[in-house]
**Student:** 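What follows is a single structure, and I will ask about it in a moment.
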Number of protein chains: 2
Amino acid sequence: MINHQKTLPPTAAQSVLCETELVAVLVSIHHNAPHILTLDHGQAFPSGPFTVEHRSLQKGMRNWVERQTGLQLGHTEQLYTFADTHHAQKHQVVQISYMAFIRQTCDHALDTQSIYDYFPWEDRRHTTSASLLHTIAERLKRWAQGHTQRWQRCASIFGLEDYVWNDELSLQRYEVLWEAGLVPEATWHNGAALPGLSMYHDYRRILATALSRMRAKIRYTPAVFDLLPHHFTLLQLQQAMEALAGRPMHKQNFRRLVQQQKLVNRTAEYDSPAQGRPAQLYRFAPETAENCYLAGATLPLSSIS
Amino acid sequence: MINHQKTLPPTAAQSVLCETELVAVLVSIHHNAPHILTLDHGQAFPSGPFTVEHRSLQKGMRNWVERQTGLQLGHTEQLYTFADTHHAQKHQVVQISYMAFIRQTCDHALDTQSIYDYFPWEDRRHTTSASLLHTIAERLKRWAQGHTQRWQRCASIFGLEDYVWNDELSLQRYEVLWEAGLVPEATWHNGAALPGLSMYHDYRRILATALSRMRAKIRYTPAVFDLLPHHFTLLQLQQAMEALAGRPMHKQNFRRLVQQQKLVNRTAEYDSPAQGRPAQLYRFAPETAENCYLAGATLPLSSIS
DNA sequence: GCGATATATGCTCTTAATGAGTATATATCG
DNA sequence: CGATATATACTCATTAAGAGCATATATCGC
């Protein structure tokens, strides 16, 4: 038996009072692209106060988001906590950011924006994006002129030279672009900025964090299913994964994986397309819902050159 | 060109003032086991206030830890932010937890404790730990009696039946044990608790989070090197990895990996052991320090049955 | 019925990574 | 010399990952 005392620790450091705000990155899929819910013409995330009546931070977040937007939140995870130094400095503001998935239901009237409007270089599903990466490579090369290590870092993060593109490094890519002064919010911003919307404060950095996290998450948990309707076709599932990962996949291999992991069950229903054979509708296998750790859907990629 | 305005968003939600505390999980390696720095006989982490003069949360953390303990922090990352409901309820207390690695320098007089004293089942380097896992399996089976899905979850998380042990699931394992009432801090604690020290508040949960994170981290970043002396033998490196992962490794395969990834450079020095051939001393390859993402050291495990 | 379109599936193949085993140098000390 | 421990060289089986080729199957409009 263990001696377990529930007394308070004697180390209660005297803290300073801070304002605490909850920031929500609410992700959904529209038109084959991951979207976020925004305020103020795409420049801010919805945010709300953390009040005393809330039991936990997560519950507090769910509470006001659901009350304010009427949306049901799916997979939710904490992203990062930061102290916003942009605010007026009377007292510190601590912002706790969360990412949550929203199931695409009806086209609501809320302001929504594609994540790739903020990071066009992160969408590598079409060969047309290659020219942007080429531009970035050129400008990074100029920045890294003479610094071998710096160029190594750029190359490995952006999948240049012999390195391969790693979709989970969105945050690192944004940070390098920031350091190189290629995004407008960088203080030493030089020359013309790269295409891509910017946001207030460090919000675009938060969004890059969210993108990294969601790409990592869909690999080893069935979180994608919180973005899809309850009944979906396998193509829809694949396209959702492609939209999140920002790269195309090999259809046959994708299905091989999905089937052998028993991720989905077929339903009796069929899709009704304008043309072509109707697609079978599937639903997420309820048994897999519980032990989701092993459901590692490593992405079956196809080459995009 | 992008229209980048640095005005404030109109959504300044009126927040409530909170106490903000920084909690530090300071990890180092002693006697072939990962240790943490503790207060109050292993029941609390060092913690400090976040004050206005600090530029960022991370800097604030580094600041007071280094001032208080005199320790230099290596790899640092934010773990999780939570609202402590155990405190007196005048105003909320928000606790922001960080994990930081400390390079083993000299044996300082600080209070330190092995992580495996808190989670004995997480150390699977020796076959002797099998009996504890057996006990856990038995008690979980009793808890999951009649609930097939619940048992599936236990089995997959603890690597029972056909499932394999996944060392990164320490947090999930702790949570299951909590739910099953097998740890003393669980409210519906039934019967005798499992061996393992407990801590104040949710601190043991934070520690489980830290263990999960560090095990994940050493896979794809060279963070281990922040726990080792600057010059080390390959065996020391392997034993550090084994200590963190809680499982033995195959020596030949481990070296194959380390060498082919150019993670280390040999130095001219040698170890001076009591007996046997002196081991070559190595140091972390400085070129790899910058682009550490590719340095994925997937653990070459050896079977422990 | 036929072609266009799109879903659905089966099979092969190469390459690389992983886990595991066997054997054997090499160096130091008592 | 023998005990001890480092260091290294190979081999081998299994599996997963990436990619390609081919071919059913179902619906629609003409």
Side-chain angles (χ1 to χ4, degrees), chain A residues 32 124 159 162-167 219-220 231-239 241-242 245 247-261 263-282 294-305, chain B residues 32 124-125 159 162 164-167 219-220 231-239 241-242 245 247-261 263-282 294-305:
Chain A
N32 270 335
R124 291 171 60 76
D162 284 341
Y163 297 99
V164 289
W165 177 268
N166 182 344
D167 48 87
R219 290 259 153 87
Y220 60 97
H231 289 186
F232 50 83
T233 71
L234 288 184
L235 186 63
Q236 270 183 289
L237 175 60
Q238 183 179 338
Q239 285 174 336
M241 291 288 277
E242 288 177 328
R247 48 199 334 205
M249 292 177 190
H250 184 110
K251 185 193 266 190
Q252 294 94 317
N253 291 351
F254 180 79
R255 297 190 177 209
R256 171 172 69 184
L257 223 75
V258 168
Q259 314 262 295
Q260 84 189 180
Q261 287 183 172
L263 275 174
V264 294
N265 293 334
R266 60 194 326 159
T267 68
E269 297 159 73
Y270 288 87
D271 193 22
S272 44
Q275 262 181 324
R277 174 178 172 176
Q280 183 102 46
L281 287 175
Y282 287 79
L294 62 158
T298 46
L299 303 174
L301 305 170
S302 83
S303 59
I304 34 173
S305 83
Chain B
N32 271 336
R124 292 171 60 76
R125 285 174 292 176
D162 283 342
V164 291
W165 177 269
N166 182 344
D167 48 87
R219 291 255 153 87
Y220 60 98
H231 288 186
F232 49 85
T233 71
L234 288 184
L235 187 63
Q236 269 184 288
L237 175 60
Q238 182 179 339
Q239 285 174 337
M241 291 287 277
E242 289 176 327
R247 48 195 338 201
M249 291 176 191
H250 184 111
K251 185 193 267 189
Q252 296 93 317
N253 291 349
F254 180 79
R255 297 192 177 207
R256 172 173 67 183
L257 223 74
V258 168
Q259 315 262 295
Q260 84 190 180
Q261 289 184 169
L263 275 174
V264 295
N265 293 334
R266 60 195 326 159
T267 68
E269 298 159 72
Y270 288 87
D271 193 24
S272 43
Q275 264 181 325
R277 174 177 172 177
Q280 183 102 45
L281 287 176
Y282 287 78
L294 63 157
T298 45
L299 302 174
L301 305 169
S302 84
S303 60
I304 35 173
S305 81

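Just so it is clear, the model here is predicted, and its values are computed rather than measured. Numbered from 1 within each chain, the chains take letters A, B, ... in sequence-line order.
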**Student:** Which pair of non-hydrogen atoms, one from B:Asp167 and one from B:Ala245, has the smallest distance, and what is that distance?
**Tutor:** CB-O, 3.5 Å

**Student:** Taking the side chain as every heavy atom from C-beta outward, state whether B:Phe254 and B:Leu234 have any pair of such atoms under 4.5 Å apart.
**Tutor:** no

**Student:** Does C:dA8 have OP1 or OP2 sitting under 4.0 Å from an N or O in the side chain of A:Arg255?
**Tutor:** yes

**Student:** Which residue, A:Gln260 or A:Pro278, contacts DNA chain D at a nucleotide closer to its 5' end, judged by nearest heavy atom?
**Tutor:** A:Gln260

**Student:** Tell me: CG of B:Asp271 to C1' of D:dT6, nearest whole Å?
**Tutor:** 10 Å

**Student:** Hey, could you give me the OG1/CZ distance between B:Thr233 and B:Arg266, rounded to the nearest 0.5 Å?
**Tutor:** 12.5 Å

**Student:** Closest approach to the side chain of B:Asn253, judged atom by atom: which nucleotide of C:dT7, C:dA20, D:dT6 is it?
**Tutor:** C:dA20

**Student:** Starting the side chain at C-beta, find the nucleotide from C:dT18, D:dT8, D:dA19 nearest to A:His250.
**Tutor:** D:dA19

**Student:** Measure from CZ on A:Phe232 to C1' on C:dT7 and round the result to the nearest Å.
**Tutor:** 16 Å

**Student:** Determine the contact category for A:Gln252: base if any of its heavy atoms lies under 4.0 Å from a base atom, sugar-phosphate if only primed atoms, P, OP1 or OP2 are that close, otherwise nothing.
**Tutor:** base

**Student:** Choose from C:dT9, D:dA26, D:dA7 the nucleotide whose nearest atom is closest to any side-chain atom of A:Arg277.
**Tutor:** D:dA26

**Student:** Rounded to whole angstroms, how far apart are CD on A:Gln280 and C1' on D:dT25?
**Tutor:** 12 Å

**Student:** For the CE atom of A:Met249 and the CE atom of A:Met241, what is their distance to the nearest 0.5 Å?
**Tutor:** 4.5 Å

**Student:** To the nearest angstrom, how far is A:Gln261 atom CD from D:dA17 atom C1'?
**Tutor:** 13 Å

**Student:** What's the CG-P distance between A:Leu257 and D:dA19, to the nearest Å?
**Tutor:** 14 Å

**Student:** Give each protein N/O atom lying under 3.5 Å from an N/O atom of nucleotides 12-14 of chain D, with the pair distance.
**Tutor:**
none

**Student:** Just need the stems in DNA chain C: three or more back-to-back Watson-Crick or G-U pairs, each with both distances under 3.5 angstrom, sorted by first number.
**Tutor:** C:1-30 with D:1-30

**Student:** Can you measure from CD (A:Gln238) to CG (A:Leu235) and round to the nearest 0.5 angstrom?
**Tutor:** 6.0 Å

**Student:** Take atom CG of A:Leu235 and atom P of D:dT25, then tell me their distance rounded to the nearest Å.
**Tutor:** 21 Å

**Student:** Given side chains that start at C-beta, do those of B:Val258 and B:Arg255 come closer than 4.5 Å, heavy atoms only?
**Tutor:** no

**Student:** NZ of A:Lys251 versus P of D:dG18: gap in Å, rounded?
**Tutor:** 19 Å

**Student:** If you find the nucleotide of DNA chain C closest to A:Arg266 and the one closest to B:Gly276, which residue's nucleotide is nearer the 5' end?
**Tutor:** A:Arg266

**Student:** Do B:Tyr282 and B:Leu263 come within less than 4.5 Å of each other through their side chains, counting heavy atoms only?
**Tutor:** no

**Student:** Search all heavy atoms of A:Gln239 against all heavy atoms of A:Asn32 and return the closest pair with its distance.
**Tutor:** CB-OD1, 3.5 Å

**Student:** How about B:Tyr270 and B:Gln280: do any of their side-chain heavy atoms sit closer than 4.5 Å?
**Tutor:** yes

**Student:** Rounded to the nearest 0.5 Å, how far apart are CD of A:Gln236 and CG of A:Leu281?
**Tutor:** 7.5 Å

**Student:** Figure out the CZ/P separation between A:Phe254 and D:dA16, and round it to whole Å.
**Tutor:** 18 Å

